[in-house]
Enquirer: 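Sharing a structure, written as structure tokens. Questions coming.
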Amino acid sequence: MHLEVTNAMDRILPIDLERAQLRKSFRGYARKEVDSLLAGAAASMQQALVDNDRLRQEIEQLRSEVERTRLTENALRDTLVLAQQAADDARNAAQKQAEAMIEEGRQSAITERAMAQQHLSELRWEIEKLKIEKNRFTDEFRSMLGRYERDLPAPSLVVVDCEAAQG
């Protein structure tokens, strides 16, 4: 059997089967049957090549889709990571702000309490000063009353006859 191989990779193509020139021999096969077999093999081979090309195209499409899906997945993953980081940052900022507000409230309460205690101390001091002033005034007033009592003449008793005074 002599086939002309037209492919550089030594593959037999359907056209090679169709154009095959077989030598005739005395005990050879029936020519029509061989031609029919070669035609069928060429047709099957041609269909296999067409199917192979179609499958290669499908593989390329699927590879392209897989790559797009990977890119989308990576973009989504990156987006989720960024969103998580943003959420964490926002939560941390809110926590710090809350802690700062609480500390500010504590400091304000401490300041207000100190001011109230200062005011209370001042009021107590005023009360003490007023008590001292009252005691001094009371002592001075008693002293003055005592002087007036000493300086006033003693009351004299005048006996009045009620009947004489009537008549």
Enquirer: Report yes or no: do F141 and Y148 belong to one cluster of Ile/Leu/Val/Met/Phe/Trp/Tyr joined by side chain heavy-atom distances under 4.5 Å?
Expert: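 Cluster IDs for F141 and Y148 match.
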Enquirer: In plain terms, say whether R136 and E133 are close enough for a salt bridge, that is, a side-chain N and a carboxylate O under 4.0 Å apart.
Expert: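 Answer for the salt bridge query: yes.
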Enquirer: Going hydrophobic residue to hydrophobic residue with side-chain gaps under 4.5 angstrom, can you get from V34 over to M45?
Expert: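 Looking at the clustering, M45 is in the same group as V34.
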Enquirer: Distance check, rounded to the nearest 0.5 Å: Q46 atom CD versus D51 atom CG?
Expert: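 The CG atom of D51 is 10.0 Å from CD of Q46, to the nearest 0.5 Å.
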Enquirer: Between E103 and R106, is there a side-chain N and carboxylate O pair less than 4.0 Å apart?
Expert: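 Answer for the salt bridge query: yes.
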Enquirer: Are E73 and R77 ion-paired here, with the side-chain N under 4.0 Å from a carboxylate O?
Expert: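 Salt bridge present between E73 and R77.
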Enquirer: Hey, what do you get for CG (L145) to CD (E140), rounding to the nearest 0.5 Å?
Expert: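 Here the interatomic distance stands at 12.0 Å.
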Enquirer: Short question: side chain of S143, backbone of D139 - any donor-acceptor pair under 3.5 Å?
Expert: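 No, S143 side chain to D139 backbone: no donor-acceptor pair under 3.5 Å.
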Enquirer: Nearest 0.5 Å, what's the CD-CD1 distance between E112 and I110?
Expert: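 Atom-to-atom, E112:CD and I110:CD1 are 11.5 Å apart.
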Enquirer: Hey, does the side chain of S36 reach the backbone of K32 with a donor-acceptor pair shorter than 3.5 angstrom?
Expert: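 Looks like no, no N/O pair under 3.5 Å.
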Enquirer: For Q117, is there any backbone N or O sitting under 3.5 Å from a side-chain donor or acceptor partner on S121?
Expert: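 Present.
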Enquirer: Between the side chains of Q57 and D53, is a donor N or O closer than 3.5 angstrom to an acceptor N or O?
Expert: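 The criterion, which ignores hydrogens and geometry beyond distance, is not satisfied for D53 and Q57.
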Enquirer: Taking side chain to side chain contact (heavy atoms under 4.5 Å, CB included) as the criterion, tell me which of R124, Q118, E126 meets it with E122.
Expert: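 It is Q118, the one option of R124, Q118, E126 that forms the side chain to side chain contact (heavy atoms under 4.5 Å, CB included) with E122.
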Enquirer: When rounded to the nearest 0.5 angstrom, what distance separates NZ in K96 from CD in E99?
Expert: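 Nearest 0.5 Å value for the NZ-CD distance: 8.5 Å.
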Enquirer: Starting at CD1 of I127, measure out to NZ of K134 and round the result to the nearest 0.5 Å.
Expert: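 Answer for the CD1-NZ pair, I127 versus K134, is 12.5 Å.
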Enquirer: Scan Q61, R56, R54 and name whichever one has a side-chain hydrogen bond (donor to acceptor under 3.5 Å, both in side chains) with E58.
Expert: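 Passing option: R54.
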Enquirer: Would you tell me whether Q85 and D89 have side-chain atoms, one donor and one acceptor, within less than 3.5 Å of each other?
Expert: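 On atom types as modelled, these side chains do not qualify, holding no pair under 3.5 Å.
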Enquirer: Indicate whether any N or O donor in one side chain lies under 3.5 Å from an N or O acceptor in the other, for R68 and S64.
Expert: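 Looking only at side-chain atoms, S64 and R68 do form a donor-acceptor pair, the distance falling under 3.5 Å.
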Enquirer: Is there a donor-acceptor pair closer than 3.5 Å between any side-chain N or O of N52 and the backbone N or O of A48?
Expert: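 It does not hold such a pair.
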